[in-house]
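Worksheet: the structure to be examined is printed underneath.
Protein chains get the first letters and strands the later ones, always in sequence-line order, with residue 1 at the start of each. Note that the structure is predicted; figures quoted are calculated from it, not measured.
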Amino acid sequence: MTRHVIAAVGEIKPGEKKLVTLKGREIGVFNVNGEFFALANRCPHAGGPMCEGVITSLVAPGQVGEYKLTRKDEFLRCPWHGWEFEIRTGQSWCDPKDLKIRQFKVAVEPGQDLVKGPYVAETFQVAVEQNYVVIDL
Amino acid sequence: MPGRDESLLMKARPGAIDCDIHPAVPNTKVLLPYLPEYWRDQLVNRFIDRSPFVLQSYPPNSPIACRPDWRPAQGLPGTDFDALRKQALDAFGTKLAICNVLHGSIALFNEDMAAVLCSAVNDWIAKELLDRDPRLRASILLPIQSPDHCVKEIERLAPDKRFVSVLTLVMGETLLGNRRYWPIYKAAEKHGLPVCVHAGSTFRTAPTYSGWPSYVLEDYVSNGTGFENVLVSFVAEGVFQQFPKLKIVCAESGITWLPTLLWRLNKEWRGVRAEVPWVDRPPADIIRDHVRFTLQPLDVPKNDPDKLLRTLEHIGSDEVFLFSTDYPHWHFDGDDVLPDGLTEVSLQKLLSDNALATYPRLGEGGNIGQSREHAGRA
Amino acid sequence: MNAPVLDKTLQQRLSIVDCDIHPDQKSADSLSPYLPQRWREHAKMFGLHNRQGLIGQLGFPRMMANGRRADSYPPGGGPSGSDLGFMQKQHLNPNGVEVGMLVALGRNGMEEQNQDFAAALSHAVNDWQIEEWVKPEPRLRAGVVVPQEDAATAVAEIERCAPNPGFRQIIVSPRTAEPLGRRKYWPIFEAAEKSGLPIGLHPAGASGGFPSTGSGWPTYYLQEHYSFETGMQAVLASLVFEGVFEKFPKLKICFIESGFTWVPAVCWRMDKHWERMRKEVPHLKRPPSEYVREHFWFATQPIEEPEHPHHLMDMINWIGWDRIVFSTDYPHWDFDDPRYTFKINLNEKQRAMIFRENAKALYQLQ
């Protein structure tokens with residue numbers, strides 16, 4: 001496992017994302033209400049560029065004729081067939097039993113501990129006290 | 001039949017429940033005694049009582065309307081009661097049979113006329129069919145033109161437990177899942193009455209999105225698409241969320257179109273779910289839970305059990321089909337009504353268990369010879 | 001976790017014939033170079049007159065990005081599918097498109113009620129396809145768009161375009177004013193048969209004309225999109241029952257954008273009921289399914305997804321491996337990627353047939 005640095009924490013704001021390629025794998029990193037999650041950029045349904053899709057809220061199931069949005073910006077809609085995935089878990093909403101996007105473990109590391117990588121070095125050097133986002137791959 | 005497995009002949013399997021037979025009202029004059037005075041007057045003076053109210057979907061002399069050896073010596077198919085008992089019931093050893101009387105009053109435009117005629121037909125059914133043979137049950141014919149009238153009719157007849165379902169055609173003015181029909185489903189659900197959606201159309205609109213087919217045959221084949229769109233309508237409109245105990249019986253529908261429906265609708269829903277957020281589980285599961293299909297006409301190639309078994313595999317259930325002869329429509333010869341290839345377990349479900357699970361009132365039913373009292377009418 | 005079955009050979013050397021690609025016009029002026037002055041003015045002043053309640057938008061709005069892949073809008077601007085360079089970059093190159101069959105929708109004369117304008121638009125869109133798509137990109141082939149309700153004009157347009165090898169099929173909307181098998185359309189079939197080009201059936205996309213179902217209009221897009229399949233089934237039945245193939249024994253029809261697993265069921269239904277009712281259609285000399293077997297091809301998209309993927313095999317076995325042609329529907333939202341479309345293992349031969357050989361034979365591609 002290699003630790004890769006993605007971005008400074010402040011770079012990806014809540015409700016935003018960043019797409020990166022690590023070891024040939026395309027990965028999207030998302031800020032969901034201050035927490036970070038990373039997902040493979042490949043929809044398990046039919047291979048679409050999942051992470052390029054819209055970050056959205058959940059249209060909650062309810063009574064007929066009721067339309068309600070909940071869990072703001074916690075979901076991702078694949079840009080091809082529109083399937084909905086919960087960013088936190090990669091869980092597909094429609095068929096919770098069935099599909100899940102590949103997840104990658106994400107942690108927030110305090111700035112002082114990190115020592116390598118050109119991107120990290122620059123960021124790290126620019127703002128020592130900042131937290132930054134890393135990925136294990 | 002030479003070479004036919006004896007155990008598949010119906011005489012080897014008495015006690016089936018036939019979920020779709022078609023006795024018919026012999027002529028309109030027999031309905032007059034059941035009509036209020038004003039309507040009797042209207043029908044007689046306007047010569048309406050001289051018209052037979054036969055649906056466009058079933059030209060009476062055509063092969064689909066009647067098997068040659070089931071055709072009465074005179075009169076419309078299904079109008080000879082004694083013949084019906086012999087041919088539809090005795091010949092198959094049937095324990096119970098559900099009468100779906102497809103009377104053409106449902107194609108009229110005047111809501112009130114349609115409603116009184118449907119009531120008259122339903123009363124005629126009770127007296128002339130249900131009272132005369134304890135094996136018979138029936139669907140309440142719905143004057144679908146007016147959901148309000150339908151609800152009144154359901155409430156009026158619900159106390160007679162020999163009415164086990166309600167009946168309408170698969171194609172009509174509006175897709176059946178539409179909210180305007182919901183009062184009907186509320187009443188049907190309340191009384192444990194499945195909604196029998198039957199092949200045929202009142203032709204309020206063209207059967208296809210490119211207009212009017214030339215042939216009866218073409219119309220008949222298009223029933224399959226009618227059923228597909230109606231089930232999509234029930235699912236999309238959330239009818240089963242709103243009425244969780246409601247059951248639908250697709251009658252004379254065939255089943256081979258069903259796998260594509262389940263697959264395509266599931267896929268559609270996964271991408272389009274946000275439009276209809278009340279649909280909270282895969283449509284294929286919803287349909288397997290709420291919808292049933294009568295056996296005849298079985299639209300797999302004859303003597304090809306492999307295709308039938310694969311179709312059932314695709315559907316993912318052997319609990320969705322209900323035995324039927326569709327008497328007197330012509331879909332098979334002799335008593336060769338059962339398909340090859342089914343296991344004993346599946347056959348038992350087909351012949352009886354699935355029907356008992358679908359129609360809660362089948363287990364009840366009236367006493368022999370009990371005559372339902374006519375409710376007062378305007 | 002369900003990862004799609006990766007077609008590994010395809011991954012290595014993807015080479016496909018895509019039977020459904022939609023080029024789009026950059027703007028309302030795109031066809032101007034190909035339209036006479038009189039029609040340029042008409043287009044500006046009156047615009048399209050088709051059978052729906054709204055101008056320029058759909059009565060059943062699509063779910064995402066106006067019904068397109070959200071990632072298919074060219075970075076340089078313009079509607080999705082309007083930029084050849086971006087189409088090459090995003091689709092033709094990475095997806096190994098050896099030949100792409102164009103189905104030009106939009107401002108094109110299909111389902112246009114003004115018959116003279118329809119004639120002008122078809123003429124223009126056919127020229128536009130050749131000039132701006134086929135000439136600069138040799139992998140693409142055009143489809144002759146014809147105004148389906150005006151048989152004489154349609155025939156003239158077929159005769160004008162068919163000699164150009166850049167056209168490999170004739171595009172007709174299945175959402176006609178009468179069922180397509182009826183005699184008013186027979187001159188089109190005659191011209192098609194004579195030209196040797198198949199007819200590709202693909203709806204224009206507007207929800208107009210007769211209601212989408214035999215019980216009227218649906219409420220939701222979910223239903224409307226579903227009904228594209230039932231509409232096509234009825235068209236197939238019409239073509240068969242009207243005896244089109246008795247009259248035009250060399251005619252070929254390709255159904256585009258309706259999936260295909262519904263085909264065995266409708267064939268069985270037609271055969272079964274025809275056996276009973278054949279006196280009504282004495283002009284049919286053979287069981288309906290035989291006509292289907294000989295005259296129809298089916299493009300895969302949007303491919304149905306059985307709950308158990310291997311059930312798809314049954315359907316293809318029943319239809320015939322030589323009758324299925326792969327299509328993506330690029331750049332629409334329900335695009336099928338050639339790598340992930342089939343969640344079953346196809347052998348070398350099956351893959352070659354579906355992804356290339358069947359289409360090459362059908363469209364006579366070299």
Exercise. Under a 4.5 Å heavy-atom cut-off, does chain A meet the side chain of B:E275, its backbone, both or neither?
Worked result: backbone
Problem set entry | Engaged part of B:R179 at the chain A interface, taking heavy atoms whose separation is under 4.5 Å |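 When you check distances to chain A, only side chain atoms of B:R179 fall under 4.5 Å.
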Exercise. Parallel, tilted or perpendicular: which fits the ring planes of A:W83 and A:H45, with parallel below 30° and perpendicular above 60°?
Worked result: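 Rings of A:W83 and A:H45: parallel, as their planes differ by under 30°.
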Exercise. For the residue pair B:Y185 and B:Y181, does the interplanar ring angle fall in the parallel (under 30°), tilted (30 to 60°) or perpendicular (over 60°) class?
Worked result: tilted
Exercise. Could B:R204 and B:F109 be counted as a cation-pi pair, given that NZ or CZ must be under 6.0 Å from the ring centre and within 45° of the axis?
Worked result: yes
Seminar exercise, completed: Max heavy-atom pairs within cutoff under 4.5 Å with chain B, candidates A:V64, A:T56, A:L58, A:V59, goes to A:V64
Exercise. Which of these passes side-chain contact (heavy atoms from CB on, under 4.5 Å) with B:L142: B:L169, B:V166, B:I106, B:L167?
Worked result: B:V166
